[in-house]
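Below is one structure, written out as structure tokens; comments come after it.
Remember, it's 1-based here, ligands and their atoms both numbered in the order they're listed.
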Amino acid sequence: MEHIENDSRFGGLTVNSGVTQPPVVNPYLKKRRRASLPSAAEMVEGILKGDITTLSRAVTLVESLSPSHQAIAQEIIEKCLPYSGRSRRIGITGVPGAGKSTSIDVFGLHVLKQGGKLAVLAIDPSSERTKGSILGDKTRMEKLSTHPGAFIRPSPSAGSLGGVARKTRETIVLCEAAGFDNIFVETVGVGQSETAVHSMVDFFLLIQLAGTGDELQGIKRGIMEMADGIVINKADGDNIARAQLAQTQFRSALHLFPMPESGWSPEVLTYSGYYEIGIEEVWDMIDRYFDFVMANGYFGRKRARQAKYWMYETIDEQLRNNFYNNPEIERMLAEKESRVLANMQSSFTAARDVLDLYFSMK
Ligand code: GDP
């Protein structure tokens, strides 16, 4: 085909056609037919048995954009729901470099030493880091990745935060049905994703660093307020004193916040993920939190509220998708957008026209 830039409008520029590349895959190899998907019931059976291959396949369906995959995924989730809920869901956040991977590796091994199984999920809507490749996360968590009791799954690939978060929320259900009794949900502490993680976990751990002298600056108040525990990493070598100073500063900063609804006062600890110092203390705090909120009923209330939140989030997301992915709406939106930009129509009447079209459909 003639290249578009060879048109007279692009005079002075010629584009030569490239050399035909030999096929990368040997064309004489017989194409293997992909095995058809097992039914939802078969997959549920595999998940309930704790079969990791089936669990991975189901998570892939949850993450898929294909409507037929989504339909099976929803059926699987529905069937797994009665077996879900029996895990400790722990959110872990911190800026890049705070030591999340290093810490999750050692926290994870610590948890697994006590028995049970651990799933590590992530929410990273930008997901440039791994581009959805498992390798990325496996190399980040070296020890855990070879542990038979651990299931590590990178963030669903880039998309809207709401969509990525919902998929992770659904993956939690599948992991719990597969017998994972500890779930870590990791997120990069630089944006809205903390709120999404906070809305799906029981305990929210904020990993901080010391040493800059202005620790409290640049930390969004909102994130601190969400934390049930703040842990200052890299308290090792000549960084110990600075970590302790940061601990004092965080403690006094937390006093300025109102008592959280849970009745639990967030604790501030120092530790070193790399040298594995203070890991047990961090875990002890998390154990105490669970005992506390189980005893005062907050655990159940929070889970119920989260379930309601996800219902509305899912409705919002599906409505938005249905609206914006409708070809007629897309066409009209493009047209209305240029009219609004050209001052030919007001934003409000343009919006009303598009919505009128949407509501008149079906
Ligand atoms: P992430 O971006 O939050 O996942 O952080 P990483 O776990 O990749 O850690 C970032 C860097 O900090 C790496 O070079 C780690 O080796 C280092 N690091 C992590 N934890 C510690 C620690 O406890 N002490 C020290 N000194 N370095 C650490």
Query raised in the report: How does Val95 reach ligand 1, by side chain, by backbone, by both or by neither, if only non-hydrogen atoms under 4.0 Å count?
Result: backbone
Query raised in the report: Out of Glu186, Lys234, Lys100, whose heavy atom sits nearest atom 28 (C) of ligand 1?
Result: Lys234
Query - Enumerated ligand 1 atoms positioned under 4.0 Å from heavy atoms of Ser272 - result: 22 (C), 23 (O), 24 (N)
Query raised in the report: Is it true that Gly94 lies under 4.0 Å from ligand 1, counting heavy atoms only?
Result: no
Report summary line: Closest heavy-atom approach to atom 24 (N) of ligand 1 among Val106, Asp236, Asn239 is made by Asp236
Requested in this report: For the pair Asn233 (side chain) and Ile207 (backbone), establish whether a donor and an acceptor sit closer than 3.5 Å, ignoring hydrogens and angles.
Outcome: no
Query - Contact check: Pro96 vs ligand 1, nitrogen or oxygen atoms, below 3.5 angstrom - result: no
Query raised in the report: Is the closest side-chain donor-acceptor distance between Ser265 and Arg251 under 3.5 Å?
Result: no
Query raised in the report: In terms of side-chain heavy atoms, does Gln74 have a donor or acceptor partner in Glu78 at a distance below 3.5 Å?
Result: no
Report task. Provide the number and element of each atom of ligand 1 under 4.0 Å from a heavy atom of Gly273. Result -> 23 (O)
Query raised in the report: Are any of the N or O atoms of Tyr275 closer than 3.5 Å to those of ligand 1?
Result: no
Report task. Report the hydrophobic cluster partners of Ile277, with the cluster defined as I, L, V, M, F, W, Y residues connected by side-chain heavy atoms closer than 4.5 angstrom, directly or transitively. Result -> Tyr274, Tyr275
Query raised in the report: What residues, two or more places apart in sequence or in another chain, satisfy ring-ring contact (aromatic ring centres under 6.0 Å, His included) together with Trp264?
Result: Tyr289, Phe292
Report task. Would you please classify the geometry between the Trp283 ring and the His110 ring as parallel, tilted or perpendicular, with 30° and 60° separating the classes? Result -> perpendicular
